[in-house]
Amino acid sequence: MGSHHHGSSSGAELSDNTAPPCTVKGKPVQNGVVDAGLKSLDHYQRTLPEWRYKLRQRLLPLIRWETPYLAMLQEKMRTPALDRYFAITANLGTHTFFMIGLPVLFWCSFSGFGKGLVHILAAGVFWTGFVKDMLSLPRPLSPPLHRITMSGSAALEYGFPSTHSANAVSVTVYSILVLHSDSNTYSPSTTFALELLAYFYAFSIVFGRLYCGMHGFLDVIMGSVMGAAISYIEFYYGPSFQIWLYASGYLAPILFAVTILILVRIHPEPADDCPCFDDSVSFAGVILGLELGTWHFARSRWDHIYNGPNALFDLSALGRPVIIIRLILGVLIIFAWRQVMKPTLLKVLPHLFRVIENHGLSLPRRFFMPATEYKDVPLNLRDDEVLPKVSDIPRMMRSIRGPGRGRAVSIGPQSAADAYETLAYRERKRRESLSSEKGSGLREVHTAVEAGADGEASSVVVDQAQSSGYEKYERQMGQGHVVVESTRSLSQNSSAAVEEPELYLGQRDELGEKEIFSKLTRPRVRYDVEVVTKLVVYAGIGWLAVDTIPILFELTGLLGAGHLPFPIPVPPVPSS
């Protein structure tokens, strides 16, 4: 496979000692860090409810078992061209891609199909994030896997199930169901071509998650099953729900909004600071704004232009220049809403939250700082990856066009979940080795790298040529270098029982020639007002896409349907 797999084992060390030697609980410390093997390995048992921990422990062996097979797959298939292809196409399964692309369907007279896609994508993101945080299962270990990605935040999330796979499969299944329905107006040849394109799209995303080392077989299978199930539910039961919602009075949308808020509130607390909850909240806001906005638009005097079996809107009659202007104006309005509303809410809401919290009415969530503990929220927060800032778009485009096509290949733990799994697997293999040695009286030859009392790495060399490929990669599991910061500062803190020490992760370049130890970049401090801010901002995006922006198009005259070459009947006024 060439240069992709040189230096598979982790043999790098920390830099030379310059600090005086010291100990923590009698254990040696080098440069302010202590070997991770000395830390308690009961992190998830302490942080998760018992039933969630037991379920996690039942699934974890499957993830460990499949990891060497994934490494063998990478070894046999990897090429620079495929690296670039799967890294770039992974963007077609991201939240950002759909958040920018979906509103276009509503402004181009595909509101029914667009609404279905929003439903399945919002449900997929929410429920996969729900399960991720509930089980807190890690991604397959690196090493032996190489992680290939263009996203810096993807590796911070848990692995099971795969949201990319759920998104890709749900879009594919829903599209194929629509193509096979009676409402399909395309020719058989066009239908067949679109169906092949849908299958190819799903394959590229799902298989790409395996190829890029970001997910395992269990992750993509469960994500795909969830995506397909969501699409079938939406296709067969979604229209009935829509009819009930839009034909009802105020009670139906109120009940729907309350249901969304309850689902956000009961979203499981993760064991680590995982950004899954942020994505779930964003899409919960989108679906809330979409349904409330559509309910409101259905009662406007413009509804008959866009919706219903006798809808008058004709995209081709608008002409290409008008279509382009509509799309540009609509996207600009959405970005402007986000740019203005987000800092406004972050500035105003803390005062309201302090009043609420002082009356004991707050609903605290782990990893979110309550308003009584801070004065102001920084207005330049990089708070999500769902919809980028306007200033971020040039950087995103440069990353795709750049020499490396935005692709980054890393070897080693990248998140807290990676680090804890590395520690746990290493400890498990150590205990198995000790048990085997005690029972047989013979020392098993192995390659588990462990830090000795002098802080230097030691390893036992094995003739890999005599072992199978599976065994070769299995021995690399748990060799990622993880060290834990001295707990001296935590011992002086009254909340030490709930504090987690700082982790240092060793990451090697793709050639394995250099290993850099860096402090684990935990997600920044998050503020309690951000949850409500996300709900309002993204609910507004949903509302704007289906209600306000189409109305603005009609009010401008040339951008609406008023100039089209056919009369627009005025809907009859219902009798009182």
If I take atom [atom1] from residue [X] and atom [atom2] from residue [Y], how far apart are they, to the nearest 0.5 angstrom?
| X | Y | atom1 | atom2 | result |
| --- | --- | --- | --- | --- |
| R84 | T79 | CZ | OG1 | 8.0 Å |
| E157 | K132 | CD | NZ | 4.5 Å |
| L145 | L70 | CG | CG | 5.5 Å |
| R56 | S136 | CZ | OG | 6.5 Å |
| S162 | R209 | OG | CZ | 6.0 Å |
| M77 | L210 | CE | CG | 10.0 Å |

Within-4.5 Å side-chain heavy-atom neighbours: [X] and [Y]:
| X | Y | value |
| --- | --- | --- |
| L135 | R52 | no |
| H146 | R78 | yes |
| H119 | Y174 | no |
| D219 | P140 | yes |
| L346 | Y527 | no |
| P138 | L60 | yes |
| W127 | L263 | yes |
| C212 | R147 | no |

So does [Y] get a backbone contact from the side chain of [X], meaning a donor-acceptor N/O pair under 3.5 Å?
| X | Y | value |
| --- | --- | --- |
| T172 | A198 | yes |
| Y158 | D272 | yes |
| T67 | I63 | yes |
| E195 | I176 | no |

_Q57 and Y44 side chains, donor-acceptor separation under 3.5 Å_ =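 Distance-only check fails for Y44 and Q57.
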*OH of Y85: more than 12 outside heavy atoms within 6.0 angstrom?*
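Atom OH in Y85 is crowded, with more than 12 foreign heavy atoms closer than 6.0 Å.
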*If you measure from the Lys or Arg side-chain nitrogens to the Asp or Glu carboxylate oxygens, is any gap between K54 and E50 under 4.0 Å?*
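Salt bridge between K54 and E50, a charged N being under 4.0 Å from a carboxylate O: yes.
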*asked:* Whether K342 and E530 form a salt bridge (side-chain N of Lys/Arg under 4.0 Å from carboxylate O of Asp/Glu) is what I want to check.
replied: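 Salt bridge between E530 and K342, a charged N being under 4.0 Å from a carboxylate O: no.
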So, for [X] and [Y], which heavy atoms are closest and what is the spacing to 0.1 Å?
| X | Y | answer |
| --- | --- | --- |
| N167 | S170 | O-OG, 2.8 Å |
| G129 | S280 | CA-OG, 4.0 Å |
| R139 | G159 | CG-CA, 3.8 Å |
| S204 | T89 | O-OG1, 4.4 Å |

_Centroid separation under 6.0 Å, is that true for the rings of H267 and F126?_
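They qualify: ring centres under 6.0 Å apart.
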*asked:* Going by the rule salt bridge (charged side-chain N to carboxylate O under 4.0 Å, His left out), which residues pair with R64 if we only count those two or more places apart in sequence or in a different chain?
replied: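 Salt bridge (charged side-chain N to carboxylate O under 4.0 Å, His left out) check on R64 returns E421.
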*Sole residue of V206, I205, V173 in side-chain contact (heavy atoms from CB on, under 4.5 Å) with S224*: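 Going through the options one by one, the only one that passes is V206.
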*Go through the steps to decide whether R338 and Y538 satisfy the test side chain to side chain contact (heavy atoms under 4.5 Å, CB included), and finish with yes or no.*
CA-CA 8 Å; R338 183 186 186 276; Y538 284 94; 4.0 Å; yes
*asked:* I'd like to know whether Y374 forms a side chain to side chain donor-acceptor pair (under 3.5 Å) with D528, so could you lay out the CA-CA distance, the side-chain angles of the two residues, the decisive distance to 0.1 Å, and finally the verdict.
replied: CA-CA 10 Å; Y374 62 87; D528 52 1; 2.7 Å; yes
*asked:* Could you work out, with side chain to side chain contact (heavy atoms under 4.5 Å, CB included) as the rule, every residue matching F368, not counting sequence neighbours?
replied: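 Testing F368 for side chain to side chain contact (heavy atoms under 4.5 Å, CB included), a comparison that skips the adjacent residues, returns F277, R365, R526, V531.
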*Parallel, tilted or perpendicular: which fits the ring planes of F86 and Y211, with parallel below 30° and perpendicular above 60°?*
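Ring orientation, 0 to 90° scale: tilted.
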